[in-house]
Every structure is written in C-alpha cells, then in structure tokens.
Amino acid sequence: MNAHRHTLTPALVLLMSVATGLSVASNYYVQPLLNTVAQNFNLSVSMAGFIVTTAQLGYACGLLLLVPLGDMLERRALIVGMSLLAAGGMVMTATSSSFTLLLLGTVLTGLFSVVAQILVPLAATLAPPEKRGKIVGTVMSGLLLGILLARTVAGALAQLGGWRTVYWTASVLMVLMALALWRFLPQVKPTVSLNYTQLLKSIFQLYRANRVIRTRAWTGCLSFANFSVLWTSMAFLLASPPYGYSEGEIGLLGLVGAAGALAARQAGSLADKGKARLTTTLGLLIMLASWGMTALGAHSLAALIVGILLLDLAVQGVHITNQSVIYSQMPEARNRLTAGYMTSYFIGGAFGSVLSANAFHFAGWYGVCAAGVVMTLLNLLIWWRGYRFETHLSK
C-alpha cells in the first residue's frame with residue numbers, strides 16, 4: 001500500500017502526538033513519586049531509583065523485540081493492541097501489594113509502551129518528504145512533553161488521591177486513546193517479506209553497515225543518559241532541605257522541561273534544510289553549559305530552572321535531528337532503524353538512572369551534576385569523531 005495516499009492532516013498529527021506522549025509518559029509517572037513509593041515499600045534511595053531503571057530496561061526490550069514488528073505487521077492493529085497491553089501493566093502497578101509486583105507492572109508497561117516508537121516512524125511514512133523533519137519534530141515534541149508533563153500530572157494526582165490514583169487514571173486514558181487510534185489511524189500494511197528472526201538480525205546489519213546511523217545512535221544514547229541523570233535524582237533534591245517540596249510541587253518542574261521541549265521543535269525544520277550537523281553541535285554545547293546552572297540549583301531554584309530549560313532544549317533538539325537524519329537513510333526500514341536507535345537511547349536512559357541514583361547517594365547533587373558533565377564530554381568526543389561522515393547530508 002502507498003502510505004502517501006492517506007492525507008496526514010493536522011488533526012491526525014495532533015492525535016499521534018498526544019498518543020505518543022501518553023504512551024511514553026507511563027514510564028515516568030513514578031519519578032516525582034519516588035520518595036513516597038520508597039516510604040510505602042520501605043526502600044532505600046538506590047532501590048527506589050531502580051524502579052526508573054526497570055521501566056527503561058523494559059522499554060529497551062520492547063524497542064528491540066516489538067518495534068521491528070512495524071515493518072512486518074499491519075501497524076494500526078499493532079499500535080492498538082500494544083496500547084491496551086500497556087494499560088494492563090499500569091493496572092498491575094496500581095494494584096501491587098509488594099515491591100515485586102510493582103516492578104512486574106513497571107516492566108510490562110515499559111515493554112508495551114514502545115507503541116510510541118511505532119507511531120513516530122508511521123508519521124514519517126505518512127508525511128510528504130519535504131515536511132518529514134517538521135512532522136517528526138512535532139510528534140517527538142509530543143513524546144518529550146509526555147515524559148516531562150507526566151511528572152506534573154503524577155504529582156497533582158498523587159496529592160489528590162495517593163500515588164496509586166496516578167496509575168488508575170493513566171490506564172483509563174490509555175484505553176480511550178487506543179479506541180481513538182483504531183477509529184482514525186489509516187491501515188498501513190508492511191512492505192518487507194522478512195520473517196521475525198531475519199527482521200531482528202537485519203537491525204544489527206543496518207547499523208554495522210552505516211557509520212552515520214551508528215554515530216547518531218551513540219549521541220542519542222548519551223543525550224538521554226544526561227536527561228535521566230538530571231530527572232532521576234530531582235525528586236530527592238527537591239524533597240530535601242533547603243527545598244522540602246511536596247510531590248505536587250516537584251511535579252511542577254516538569255512544566256519547565258516542557259517549555260524547553262517545545263522550544264526544540266524547530267530542530268526538525270532545520271534538519272529538513274540541511275542543518276543537521278549545526279543543530280547537533282549546538283545542542284551538545286548547550287547540554288554541557290546546562291550542567292553549570294544545574295549545579296547552582298542545589299541552593300537556587302532560579303538556576304535550577306534555567307538548567308532544566310537548557311538541558312531539555314538540548315536533548316530534544318539533538319534527538320529530533322538524529323531521527324530526521326536516520327529516517328532519511330533507509331525509508332523502507334524505518335521501524336527497524338527506530339528499534340536500533342531507540343534501544344540504544346533507552347539503554348542510555350537506564351544507565352543514566354543508575355548512575356544518577358548512586359551519584360546522589362554517595363556525593364549528593366554535585367555528584368549528579370559531575371556525572372552529567374562527564375557524559376556530555378564523552379558525547380562531544382563521539383560526535384567530533386563521527387560528524388564528518390555526514391558531509392554529504394548536512395552542513
């Protein structure tokens with residue numbers, strides 16, 4: 001089927017953006033609640049941080065094992081089915097009576113919420129080539145807004161009805177979204193004839209054969225590691241002196257990150273104009289600068305807000321550019337390219353969560369910021385070694 005026979009209307013782009021954000025948000029509701037959940041299950045700081053790591057590892061497994069199915073199966077049915085299964089994982093979390101059941105619900109939710117990463121390449125497939133970067137940027141803004149606003153919504157709902165209310169509400173919203181997607185998404189049938197084993201093998205073959213894709217995967221991995229380093233320990237910083245904030249107040253910081261995410265939307269348009277190398281370089285430099293302000297945030301809310309804005313702007317800008325470049329490489333393999341790229345992306349996020357929780361435990365907020373600086377410097381080094389291979393693609 002020719003996907004371009006379906007008009008990608010602004011309303012459909014909005015629906016896909018909301019669905020993407022709602023799906024990925026399910027992995028992040030817990031972050032402003034970590035202190036409360038830790039008290040509920042009598043957990044240490046490190047063990048509470050492991051909840052975030054579990055969500056991201058489940059997501060990484062889904063990226064590698066489930067997202068490639070978008071090149072093999074009819075996508076609307078796949079998207080709706082996975083949305084319903086993610087809702088089931090959140091119901092398990094809401095009803096958990098032990099830390100083990102909480103982790104199991106978290107893993108299942110993470111595994112199936114990768115539906116967001118099937119929606120993004122679907123948007124790229126339906127979009128006309130001259131607007132692909134802009135549309136991918138819009139849908140990806142929905143994804144990052146979902147990650148960031150999840151904290152605000154979770155904090156507010158937890159204050160109203162306890163932390164379990166967050167997951168009950170989210171599961172209902174996910175079911176409603178699945179129904180809307182079934183009603184309005186076009187059917188898009190696969191264009192490859194590989195079996196599942198061949199499909200998985202081809203992911204590694206695609207990345208092994210293309211230096212541009214490998215470099216972009218590494219920059220994405222380390223960028224999202226930075227993101228997780230910041231947000232995993234944020235609740236512990238803000239719940240302690242000199243702040244002493246509640247869950248609702250901690251969640252409001254997600255609005256600051258959302259502003260940064262929206263500001264990065266133009267990265268997709270710039271990539272369409274051949275400026276991918278420029279947006280990536282600037283993004284990484286802004287990321288490095290953000291950690292100076294974030295470190296001052298140990299005692300200054302204004303500095304912390306500026307640091308959050310800069311970091312989320314940089315992470316989103318680099319991410320949108322990465323996906324625009326990757327999707328331009330092999331249009332017929334977008335789901336497999338997404339699987340490889342986003343698997344590395346969320347492995348970076350999981351590593352960042354572990355690093356952040358332990359850095360905070362042993363060295364406090366300044367240790368967290370030092371970890372972010374080291375990760376960004378490593379990212380700049382990898383980009384410096386790899387950017388020259390894109391001379392034929394961008395300026």
Side-chain angles (χ1 to χ4, degrees), residues 20 24 56 63 116-117 120 124 132-134 136-148 211-231 257-291 294 307-329 337-338 340-349 351-352 372-390 393-395:
T20 300
V24 79
Q56 289 169 338
L63 287 166
Q117 303 305 332
V120 174
R132 183 168 295 124
K134 182 179 179 180
V136 168
T138 299
V139 177
M140 286 306 305
S141 292
L143 184 143
L144 195 60
L145 284 172
I147 294 174
L148 295 167
R211 177 67 179 266
V212 170
I213 295 175
R214 290 201 306 275
T215 297
R216 290 291 175 174
W218 273 110
T219 59
C221 172
L222 293 171
S223 294
F224 200 53
N226 265 264
F227 185 89
S228 290
V229 165
L230 174 68
W231 286 100
L262 287 174
R265 288 181 60 200
Q266 290 304 311
S269 297
L270 289 172
D272 287 338
K273 297 174 182 177
K275 304 293 185 182
R277 288 203 304 167
L278 175 63
T279 57
T280 304
T281 303
L282 287 176
L284 293 177
L285 292 174
I286 291 170
M287 198 180 300
L288 182 62
S290 73
W291 284 110
T294 304
I308 292 171
L309 274 169
L310 291 176
L311 183 72
D312 288 348
L313 167 65
V315 170
Q316 177 71 339
V318 172
H319 183 45
I320 289 173
T321 304
N322 285 345
Q323 291 207 304
S324 294
V325 171
I326 287 173
Y327 289 154
S328 70
Q329 297 287 292
L337 292 175
T338 298
Y341 173 74
M342 293 305 299
T343 297
S344 65
Y345 194 72
F346 277 87
I347 287 174
F351 175 74
V373 169
V374 171
M375 298 295 286
T376 308
L377 289 173
L378 179 59
N379 206 351
L380 279 164
L381 176 62
I382 290 172
W383 174 238
W384 175 72
R385 288 176 58 85
Y387 83 99
R388 63 186 182 276
F389 291 95
E390 296 187 20
L393 294 172
S394 55
K395 300 176 183 176

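Only this structure's heavy atoms are used, side chains among them; waters, hydrogens and symmetry mates stay out.
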Rounded to the nearest 0.5 Å, what's the gap from CZ on F351 to CG on L222? Could you check? 9.0 Å
Where do S223 and V318 come nearest, in terms of heavy atoms and distance? OG-CG1, 3.7 Å
For residues N322 and T219, determine if any side-chain heavy atom of one lies less than 4.5 Å from a side-chain heavy atom of the other. yes
Interatomic spacing from CG in L310 to OG in S290 - rounded to 0.5 Å: 6.0 Å
In terms of side-chain heavy atoms, does W218 have a donor or acceptor partner in S344 at a distance below 3.5 Å? no
Would you check if Q117 and Q323 make a side-chain contact, meaning some heavy-atom pair closer than 4.5 Å? yes
T281 and side chain to side chain contact (heavy atoms under 4.5 Å, CB included): which partner among L284, L285, T279? L285
Between I213 and Y341, does the side-chain contact (heavy atoms from CB on, under 4.5 Å) criterion hold? Intermediate values first, please. CA-CA 8 Å; I213 295 175; Y341 173 74; over 6 Å; no
In short, L63 meets M342 closest at the heavy-atom pair CD1-O, 2.8 Å
Find the distance between CG (D312) and CE (M287) and round it off to the nearest 0.5 Å. 10.0 Å
Closer than 3.5 angstrom, by distance alone: can the side chain of S228 be matched with the main-chain N or O of A225 as a donor-acceptor pair? no
Taking the side chain as every heavy atom from C-beta outward, state whether L313 and L309 have any pair of such atoms under 4.5 Å apart. no
Heavy-atom check, side chain of R216 versus side chain of T280, under 4.5 Å: yes
Identify the heavy atoms of G372 and V229 that sit nearest to each other, and give their distance. N-CG1, 4.1 Å
Give the ring-plane orientation class for F227 versus W231, where under 30° counts as parallel, over 60° as perpendicular and anything between as tilted. tilted
Does atom CZ (R385) have a neighbourhood of more than 12 heavy atoms from anything else shown, all under 6.0 Å? no
Grab the two heavy atoms, one from A276 and one from V325, that are nearest each other, plus how far apart they are. CB-CG2, 3.6 Å
Report yes if the side chains of T294 and L230 come closer than 4.5 Å at any heavy-atom pair, otherwise no. yes
For a side-chain contact (heavy atoms from CB on, under 4.5 Å) check, start with the C-alpha distance between V373 and L377, then their side-chain angles and the critical distance, and finish with the verdict. CA-CA 6 Å; V373 169; L377 289 173; 4.0 Å; yes
On a heavy-atom basis, which atom in T215 and which in I382 lie closest, and how many Å separate them? CG2-O, 4.3 Å
